[in-house]
Protein chains: 2
Amino acid sequence: MPSTAHIAPPAGAEYPPDVLSERCPSRRILNHVTSRWGVLVLIALQDGTHRFSELRRRIGGVSERMLAQTLRVLEEDGFITRTAHPVVPPHVEYDLTPMGQLVAQKVHALAECIESNLGRILKAGG
Amino acid sequence: MPSTAHIAPPAGAEYPPDVLSERCPSRRILNHVTSRWGVLVLIALQDGTHRFSELRRRIGGVSERMLAQTLRVLEEDGFITRTAHPVVPPHVEYDLTPMGQLVAQKVHALAECIESNLGRILKAGG
DNA sequence: CAGTATCCTATCGGATACTG
DNA sequence: CAGTATCCGATAGGATACTG
């Protein structure tokens with residue numbers, strides 16, 4: 001039986017999500033999560049609430065623009081909550097949602113796997 | 001005690017890898033693994049050996065150029081082995097190394113986590 | 001079959017300046 | 001403090017044609 005992984009479901013039908021399939025929406029989400037800064041934001045938020053500038057300091061090399069954009073996208077996907085306290089100066093807090101904690105765990109596991117094998121990897125690649 | 005996550009180790013010294021640190025080499029590798037096609041190649045190779053054109057068909061939407069490039073990078077990092085059989089027409093096989101299987105498992109777990117929550121996610125985001 | 005080479009575009013992402 | 005707006009360069013990535 002041939003694979004149907006590349007066949008998009010007809011409108012209205014529901015197939016099990018398959019990230020190898022070009023049109024599966026999971027791929028868009030996966031790209032958000034695995035984006036250059038998305039990965040690091042999720043990891044940085046794993047130990048609890050953080051403010052914008054805390055995250056900015058914590059995640060080496062991220063620009064304000066990219067941090068804001070990444071937070072917005074991950075919030076839209078339901079991985080992050082944004083809480084703005086109406087005070088001056090502004091005070092905004094970011095947290096992982098329960099679902100966000102799930103994906104953050106997976107992302108973190110991946111990062112740790114790479115970190116713990118770094119020796120072997122760098123030896124292999126130069 | 002302030003965080004030192006953003007401080008790069010002096011030349012010759014060895015610090016525990018920290019992906020939140022700008023100069024940590026793990027970040028480069030993580031970017032390869034979480035690249036648009038890197039993720040999908042690792043997943044597609046999880047069930048064993050595959051040839052170039054098999055992968056191309058399996059991974060919806062990938063171009064020859066991007067597949068070749070992604071395979072080369074992941075091979076350099078030591079996640080994939082490339083075996084060329086000297087016959088005409090050419091016959092080349094790709095496999096995961098043991099280390100590649102480890103990261104592929106993590107990547108796959110992440111993808112499955114997203115797939116199984118797709119309903120909630122799409123509802124949240126529109 | 002398994003790529004490379006070339007060309008081109010779109011998106012990513014950085015720097016800077018500005019705002020409520 | 002927590003962003004937005006604008007501009008710009010780098011690079012990821014697609015289409016096509018070609019090769020051993």
Side-chain angles (χ1 to χ4, degrees), chain A residues 6 19-23 27-42 44-45 49-77 80-95, chain B residues 6 19-24 27-42 44-45 48-77 80-95:
Chain A
H6 61 295
V19 82
L20 293 181
S21 172
E22 187 167 4
R23 311 261 255 285
R27 219 188 250 194
R28 217 184 94 255
I29 309 300
L30 190 61
N31 284 337
H32 297 166
V33 168
T34 61
S35 69
R36 176 164 183 189
W37 303 114
V39 172
L40 303 182
V41 164
L42 290 169
L45 280 174
T49 303
H50 287 283
R51 303 180 58 173
F52 187 87
S53 46
E54 285 172 354
L55 289 171
R56 178 123 157 71
R57 274 189 299 275
R58 203 129 183 265
I59 302 172
V62 70
S63 67
E64 290 185 357
R65 185 173 120 82
M66 280 303 109
L67 181 55
Q69 187 177 113
T70 303
L71 287 167
R72 228 182 303 122
V73 169
L74 293 180
E75 191 197 354
E76 276 171 23
D77 289 342
I80 284 180
T81 60
R82 178 185 183 278
T83 311
H85 302 275
V87 296
V88 279
H91 185 113
V92 181
E93 292 181 338
Y94 293 94
D95 278 287
Chain B
H6 61 296
V19 82
L20 292 181
S21 173
E22 187 167 5
R23 312 261 253 287
C24 182
R27 219 187 251 193
R28 217 185 94 254
I29 309 300
L30 190 61
N31 285 337
H32 297 166
V33 168
T34 60
S35 68
R36 177 163 183 191
W37 303 115
V39 172
L40 304 182
V41 164
L42 290 169
L45 280 175
T49 303
H50 287 283
R51 303 180 59 172
F52 186 88
S53 47
E54 285 173 353
L55 289 172
R56 179 127 158 69
R57 274 189 299 274
R58 204 128 182 266
I59 301 173
V62 70
S63 65
E64 291 185 356
R65 187 172 117 83
M66 280 303 109
L67 180 55
Q69 187 177 114
T70 303
L71 287 167
R72 230 181 302 122
V73 169
L74 293 180
E75 190 198 355
E76 276 170 23
D77 289 341
I80 283 180
T81 58
R82 178 185 184 278
T83 312
H85 301 275
V87 296
V88 278
H91 184 113
V92 180
E93 293 180 338
Y94 293 93
D95 278 288

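Every chain is numbered from 1 and lettered A, B, ... according to where its sequence line falls, protein lines coming before strand lines. These numbers come from the heavy atoms of this one structure, side chains and all, not from hydrogens, waters or symmetry mates.
A 4.5 Å side-chain heavy-atom check between Val33(B) and Asp77(B) finds every atom pair outside the cut-off. Contact check for Leu45(B) versus Asp95(B): no side-chain heavy atoms found under the 4.5 Å cut-off. In this structure, the side chains of Val62(B) and Leu40(B) stay at 4.5 Å or more apart for every pair of heavy atoms. For the pair Phe52(A)/Val92(A), no side-chain contact is recorded, criterion being any heavy-atom separation below 4.5 Å from C-beta on. Looking at Thr83(A) and Thr49(A), their side chains never come closer than 4.5 Å, going by heavy atoms from C-beta outward. Two residues are said to be in side-chain contact when any heavy atoms from C-beta on lie closer than 4.5 Å; Glu54(B) and Arg58(B) fail this criterion.
With a 3.5 Å ceiling on both atom-pair distances, the Watson-Crick or G-U wobble partner of dG20(C) is dC1(D). The partner of dT6(D) is dA15(C), by the rule that a Watson-Crick or G-U pair needs both atom distances under 3.5 Å.
When the P atom of dC1(C) is taken as reference, atom CG of Leu67(B) falls 14 Å away, rounded to whole Å. One atom, CZ of Arg82(B), and another, C1' of dG3(C), lie 8 Å apart when rounded to the nearest Å. Spacing between atom CG of Leu71(B) and atom P of dG13(D) amounts to 14 Å, rounded to whole angstrom units. Rounded to an integer number of Å, the gap from CZ of Arg56(A) to C1' of dG3(D) is 11 Å. In this entry the distance linking CD of Glu93(B) with P of dA2(C) reads 9 Å, nearest Å. In this structure, CD1 of Ile59(B) is placed 14 Å from P of dA2(C), rounded to the nearest angstrom. Atoms CD (Glu22(A)) and C1' (dG14(D)) sit 12 Å apart, rounded to a whole Å. The distance from atom NE2 of His91(B) to atom P of dC1(C) is 11 Å, rounded to the nearest whole Å.
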If the sugar-phosphate is the primed atoms plus P, OP1 and OP2 and the base is the rest, what is the B/S/- string for nucleotides 4-20 of chain C, using protein heavy atoms under 4.0 Å? B-B------BBB-B--B
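In this structure, Tyr94(A) does not reach the dC1(D) phosphate: none of its side-chain N or O atoms is under 4.0 Å from OP1 or OP2.
Taking every heavy atom of both residues into account, Leu20(A) and Arg27(A) meet most closely at O-NH2, 3.0 Å.
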